[in-house]
Amino acid sequence: MNSTYFKKARALAAELADTLDHAGDVLTDYVNDELSCTPYALSTAAKSLAQRLDEARDDDAMQEMICDYQQFAGLLRASALGLRAEIDRVAPGKEESAARLAVSAVRAAIGMTEAISENLTSMILAYVAAARRVTA
């Protein structure tokens with residue numbers, strides 16, 4: 001896949017995993033290392049999705065990836081809320097700015113995930129439009 005949309009999606013997929021790793025690192029270093037399990041697990045899932053994205057070669061696989069990233073965005077939303085609650089429960093008031101940074105990183109990952117889905121959707125729509133022009 002050489003489209004600009006795919007390249008943007010792939011770059012965002014790599015940045016997504018890095019962002020989640022960063023959230024885990026912040027929690028480990030400044031808040032409570034037990035809390036870092038959530039962002040690290042999400043990062044592992046993001047890396048797996050990125051690898052599958054690299055291997056996707058047809059429209060059906062791309063449409064499946066769009067659905068997977070949309071579902072992952074929902075998981076990230078729930079995880080951000082749960083992470084905030086866990087921080088408040090396990091480490092109330094401890095390094096509040098670091099805790100906010102970690103939760104903000106997970107929330108930023110939601111936007112990245114949505115952007116990946118949008119880029120893949122745009123890529124498919126561009127291919128469909130090109131195919132229609134060729135057959136017209």
Side-chain angles (χ1 to χ4, degrees):
M1 300 280 164
N2 289 326
S3 80
T4 301
Y5 293 118
F6 182 79
K7 290 176 184 175
K8 286 180 184 177
R10 184 59 194 99
L12 283 167
E15 189 174 336
L16 172 64
D18 289 344
T19 298
L20 293 167
D21 274 339
H22 178 67
D25 293 345
V26 166
L27 290 172
T28 297
D29 294 344
Y30 300 105
V31 183
N32 181 314
D33 62 345
E34 293 176 17
L35 295 171
S36 64
C37 294
T38 298
Y40 286 144
L42 292 169
S43 174
T44 299
K47 289 172 186 171
S48 176
L49 283 171
Q51 182 177 353
R52 287 185 41 230
L53 180 59
D54 281 343
E55 296 166 357
R57 296 290 173 235
D58 59 23
D59 285 349
D60 290 339
M62 283 300 162
Q63 289 177 354
E64 185 177 313
M65 291 305 306
I66 291 167
C67 290
D68 289 348
Y69 273 106
Q70 289 170 342
Q71 290 173 350
F72 192 59
L75 177 63
L76 289 169
R77 279 186 197 88
S79 295
L81 292 172
L83 184 60
R84 182 72 251 184
E86 269 303 287
I87 290 169
D88 290 343
R89 184 184 71 77
V90 174
K94 184 175 179 186
E95 295 294 338
E96 186 61 31
S97 61
R100 278 195 306 261
L101 178 66
V103 173
S104 293
V106 175
R107 288 185 180 140
I110 296 166
M112 290 178 204
T113 304
E114 291 170 345
I116 291 166
S117 293
E118 290 171 11
N119 274 286
L120 295 176
T121 299
S122 295
M123 180 185 74
I124 290 173
L125 292 174
Y127 286 155
V128 169
R132 285 184 183 157
R133 283 192 299 272
V134 169
T135 59

Chi angles and distances behind the side-chain contact (heavy atoms from CB on, under 4.5 Å) call for Ile116, Leu49: CA-CA 11 Å; Ile116 291 166; Leu49 283 171; over 6 Å; no
Evaluation steps, side-chain contact (heavy atoms from CB on, under 4.5 Å), between Tyr40 and Leu20: CA-CA 7 Å; Tyr40 286 144; Leu20 293 167; over 6 Å; no
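Atom CG of residue Leu12 and atom OH of residue Tyr69 lie 9.0 Å apart, to the nearest 0.5 angstrom. In this structure, OG on Ser43 lies 7.5 Å from CG on Asp18, to the nearest 0.5 angstrom. For the atom pair Thr113 OG1 and Leu76 CG, the distance stands at 4.5 Å (nearest 0.5 Å). Between Met62 atom CE and Arg57 atom CZ the span is 7.0 Å, to the nearest 0.5 Å.
Of the possible polar contacts, none joining the Ser48 side chain to the Thr44 backbone as a donor-acceptor pair under 3.5 Å is found.
For residues 20-42, the set of pairs meeting the salt bridge (Lys or Arg N to Asp or Glu O under 4.0 Å) definition, not counting sequence neighbours, comprises Asp21-Lys47. For residues 79-92, the side chain to side chain donor-acceptor pair (under 3.5 Å) pairs, not counting sequence neighbours, are Arg84-Asp88, Arg84-Glu96, Glu86-Arg89.
Legend: residues meeting side-chain hydrogen bond (donor to acceptor under 3.5 Å, both in side chains) with Gln51, ordered by chain and number and at least two apart, are Glu55.
Under the 4.5 Å side-chain heavy-atom criterion for ILVMFWY residues, no single connected hydrophobic cluster contains both Leu81 and Val90.
Annotation for Phe72: atom CZ counts as buried by contact number, over 12 foreign heavy atoms lying within 6.0 Å. Enclosure of atom OH in Tyr30 is not indicated, since only 12 or fewer non-hydrogen atoms of other residues, nucleotides or ligands lie within 6.0 angstrom.
With Leu27 as the fixed residue, the side chain to side chain contact (heavy atoms under 4.5 Å, CB included) test singles out one of Leu101, Ile87, Asn32: Ile87.
A 4.5 Å side-chain heavy-atom check between Tyr5 and Thr121 finds every atom pair outside the cut-off.
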